[in-house]
Amino acid sequence: MALAGAAGARFREVRGAMPAFAAGLSVEDLAAQSMPEASPGKWHLGHTSWFFEAMILANEPGYQPVDPRFQQLFNSYYEALGQRVARDRRGLLTRPSVEEVLTYRREIDRRMIRWLAKGPPEGLSHYLFELGLNHDQQHQELFLMDLLHLMSCSPLDPAAYGSEPRARPLEPARGGMTLFDGGLVSIGHDGAGFAFDNEGPRHKVWLEPFALANDLVTNGEWIAFIDDGGYQQADLWLADGWATVQTEGWTAPLYWRRDQGGWTTLSLTGRHPVDPSAPVRHISLYEADAYAHWVGKRLPTEAEWEHAATADPEAFSNLSGEVWQWTSSAYAPYPGFRPTPGTAAEYNGKFMANQNVLRGGAFATPPGHARTTYRNFYYPQQRWAFMGLRLAEDAPRRRSGDTEDAQTAAFRHDLVEGLSGDQKAVPPKWFYDAEGSRLFEVITTLPEYYPTRQETALLRDRAAALTADFGPDAVLVEFGSGASEKTRILLDAASDLGAYVPLDISEAALLDAVARLKADYPKLRVCPVLGDFEHLAPLPDDLPTGRRIGFFPGSTIGNLQPADAERFLTAARRMLGEGSLFILGVDLVKEPEILVAAYDDAQGVTAAFNRNLLVRANAELDADFDLNAFVHRAVWNSDKAQMEMHLEAVEPMTVHIGARRFDFAAGGTIHTESSRKFTEASVASMAAASGWRLVHFDVSPAPSVALAVLGA
């Protein structure tokens with residue numbers, strides 16, 4: 001009887017939640033229906049009671065229903081159980097009254113407690129009992145979802161509750177993404193404990209390497225999407241999604257409104273300003289997918305989400321308990337799926353078409369209800385549920401037994417891919433490990449290498465003018481910050497700067513620069529970001545609210561191919577937002593002999609910098625480059641207006657990177673860098689193609705470089 005007593009206590013606890021939600025609401029609140037997809041609170045109270053009566057109590061010999069009329073009123077979609085009221089007409093049921101429904105609920109609870117007193121349920125009865133409790137918990141969340149939608153129909157923006165009914169507080173963000181190897185993994189419920197029938201059977205799925213965001217997408221990030229015209233860019237959207245945007249007139253998540261003071265949203269506690277640090281809610285699959293395209297990532301599959309949540313749950317914030325998270329997976333049966341026997345067979349299986357799976361759990365999901373295997377599902381256009389998103393992206397495959405971090409894996413991927421082409425090439429970003437960064441700093445002091453010297457002098461001369469338009473609490477964001485030496489010129493000139501955000505791919509260089517900056521500028525807020533400026537993520541949420549200023553010195557923009565440069569500038573404009581400025585350093589076209597000397601100095605420092613790429617590959621990627629078999633070459637390509645650096649093989653050879661083999665002919669090269677040179681006209685054209693306008697163009701004395709100021 002102890003087990004029966006425990007079951008009775010749990011039954012009372014679960015069944016007490018929904019009446020508690022209803023206790024402070026008016027009869028009118030509980031009787032109205034706001035749309036066909038939502039149901040009145042009174043109906044939820046009755047239907048969840050009917051479920052126990054129809055699925056369990058009705059199977060008892062000689063059972064007499066509490067009220068036979070309720071069998072039709074509170075049947076949801078069970079064809080086997082007879083007639084029912086159409087879903088869109090539930091709000092017309094003025095009778096029974098709310099009090100009569102609560103009386104019915106209390107009577108069903110009394111009968112269920114008596115049923116439990118006979119002994120612990122076993123077999124199918126036990127499953128149906130657990131199913132009934134979980135069904136009630138599902139409707140507790142639906143009760144709150146539908147209530148919020150009802151409140152949104154009133155111009156009064158009413159508050160249903162004084163505080164949001166949630167089980168636990170929002171977890172702080174962790175930042176970054178977690179990389180997973182993929183491979184053959186198992187997902188689905190293993191049969192231990194309760195699960196809905198759609199969660200099983202457990203089966204194997206092949207996953208390619210992937211990364212999953214440690215945090216949910218926030219309101220602040222979503223506002224950036226809106227401000228960049230995300231709801232007006234057809235190329236971001238699935239075709240059906242774009243049609244829905246046009247038909248429904250979507251311009252923001254459900255319940256958002258642009259008021260005089262900014263964006264506000266309606267919650268169960270009334271209307272209030274949108275919190276930029278909180279996870280975004282009430283977005284459809286279409287919106288989630290469009291946002292993912294906007295940031296250059298994607299939605300995870302449900303298998304990726306489940307594997308990540310199982311393998312490393314501590315890596316993620318708000319994995320459950322905040323919003324359900326859209327996946328790209330269609331809601332379909334798992335291999336070997338069998339529905340629950342009997343009437344409950346209609347519970348899940350009949351809906352396995354035209355919907356997508358969400359994973360996780362929301363703040364309104366009752367404690368203990370969600371599992372890592374839980375498969376929630378909605379139609380792609382629906383958004384009144386507590387829905388959000390967590391981003392994913394493809395990642396390079398790791399070798400068996402390796403424990404590479406994401407940066408090393410990306411280096412391996414780029415090098416293997418680059419050496420596999422007819423013209424072998426490596427992205428120049430991989431020059432900058434700690435030694436590469438040190439060598440480049442030496443290069444900048446060489447007599448032949450004018451760009452740093454000339455740009456530094458121009459920055460000093462123009463610093464006051466450049467910073468005059470920053471405004472108070474501005475945020476200076478430097479892309480590829482390195483040692484942040486030139487930045488100090490701007491920091492000294494901008495005394496009221498709110499924060500400095502250095503972004504660099506080299507963790508060692510970044511940490512060293514930040515330590516020195518904090519020592520020299522103790523009052524400056526420094527917010528370092530480890531990352532690749534070619535794949536920009538949104539800025540941290542907690543930065544000051546002043547103007548955003550991009551800074552990209554050193555003519556690094558010239559290292560990018562034209563299309564990549566425009567893509568970067570477009571992404572930077574998106575990151576920085578409307579009203580931002582961008583200070584861009586460019587080298588100008590000039591005599592070839594000056595250019596070649598700058599990239600092939602007499603002391604051989606640039607050659608060592610170039611060959612350090614091979615040193616790094618040998619050390620980090622188990623490569624076997626013969627460093628003495630490659631020589632440095634610097635070439636001016638007049639057709640493309642660019643300097644090129646190559647590593648040329650002096651003899652035929654074979655090179656290995658792990659298990660991969662690459663053959664070199666004598667004279668074959670690895671193209672390691674292109675550095676385009678510009679004119680004012682070419683900078684203006686590049687800016688315009690990226691959504692910027694050229695505001696100023698300041699040129700140094702010969703050998704000339706320029707600082708271009710772009711405006712959003």
Side-chain angles (χ1 to χ4, degrees), residues 170-178 210-231 233 236-238 241 245 250-256 262-263 265 267 273-302 304-305 308-309 315-329 356-365 376 378 380 382-395 529 531 535-543 571 574-577:
L170 177 69
E171 297 174 0
R174 289 165 167 75
M177 302 186 80
T178 298
F210 71 97
L212 189 66
N214 294 336
D215 304 308
L216 299 166
V217 171
T218 66
N219 290 324
E221 292 166 333
W222 202 270
I223 290 172
F225 172 65
I226 296 172
D227 290 346
D228 193 50
Y231 283 89
Q233 299 180 42
L236 296 176
W237 295 78
L238 295 168
V245 168
W250 290 351
T251 59
L254 185 63
Y255 308 136
W256 282 35
W263 286 106
T265 188
S267 76
V274 168
D275 179 357
S277 64
V280 67
R281 293 181 188 169
H282 302 296
I283 55 169
S284 65
L285 170 71
Y286 293 143
E287 290 164 289
D289 183 77
Y291 179 89
H293 278 86
W294 180 69
V295 295
K297 300 188 188 303
R298 61 175 174 80
L299 299 181
T301 67
E302 65 168 321
E304 288 173 334
W305 192 99
F316 305 100
S317 67
N318 303 298
L319 196 60
S320 181
E322 196 56 38
V323 288
W324 290 99
Q325 297 143 55
W326 281 109
T327 75
S328 61
S329 297
N356 270 64
V357 173
L358 299 96
R359 292 302 195 104
F363 73 92
T365 306
N376 206 347
Y378 282 91
Q382 292 178 318
R383 52 186 200 156
W384 94 105
F386 303 114
M387 303 160 163
L389 77 156
R390 186 184 302 272
L391 295 168
E393 64 182 1
D394 298 332
V529 175
H535 300 89
L536 295 176
L539 288 170
D541 294 328
D542 57 348
L543 293 173
R574 183 185 303 136
M575 170 194 271
L576 299 172

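Count residues from 1 along the sequence. In what follows, every heavy atom counts, from backbone to side chain, and hydrogens, waters and symmetry copies are set aside. What you see is a predicted model; the values in this text were computed from it and never measured.
The shortest side-chain heavy-atom distance between T301 and F210 does not fall under the 4.5 Å cut-off.
Side-chain atoms of E171 do not come within 3.5 Å of backbone N or O of D215 as any donor-acceptor pair. Side chain of R174 to main chain of F316: a donor-acceptor pair is present (N/O by atom type, distance under 3.5 Å, no hydrogens or angles). Using a distance-only test at 3.5 Å, with no hydrogens or angles considered, no donor-acceptor pair links the side chain of H282 to the main chain of M387. Although no hydrogens or angles enter the test, the distance criterion places a donor-acceptor pair under 3.5 Å between the side chain of N219 and the main chain of D275. Side chain of R390 to main chain of W305: no donor-acceptor pair is present (N/O by atom type, distance under 3.5 Å, no hydrogens or angles). The backbone N or O of G230 sits nowhere less than 3.5 Å from a side-chain atom of D228 that would complete a donor-acceptor pair. Judged by distance alone, with hydrogens and angles left aside, the side-chain atoms of R574 form a donor-acceptor pair with the main-chain N or O of W294 at under 3.5 Å. Between the side chain of T327 and the backbone N or O of V357, at least one donor-acceptor pair lies under 3.5 Å.
Checked options W324, F386, W384; the residue passing with Y378 is W384 (criterion: ring pair (Phe, Tyr, Trp, His ring centres under 6.0 Å)).
Taking the six-membered ring for Trp, W250 and Y231 have ring centres at least 6.0 Å apart.
Not a single side chain to side chain donor-acceptor pair (under 3.5 Å) links N356 to another residue, sequence neighbours left out. Residues satisfying the side chain to side chain donor-acceptor pair (under 3.5 Å) test with T178, not counting sequence neighbours, are N214.
Taking the six-membered ring where tryptophan is involved, the planes of Y291 and F225 are perpendicular, since the angle between them exceeds 60° and thus also 30°.
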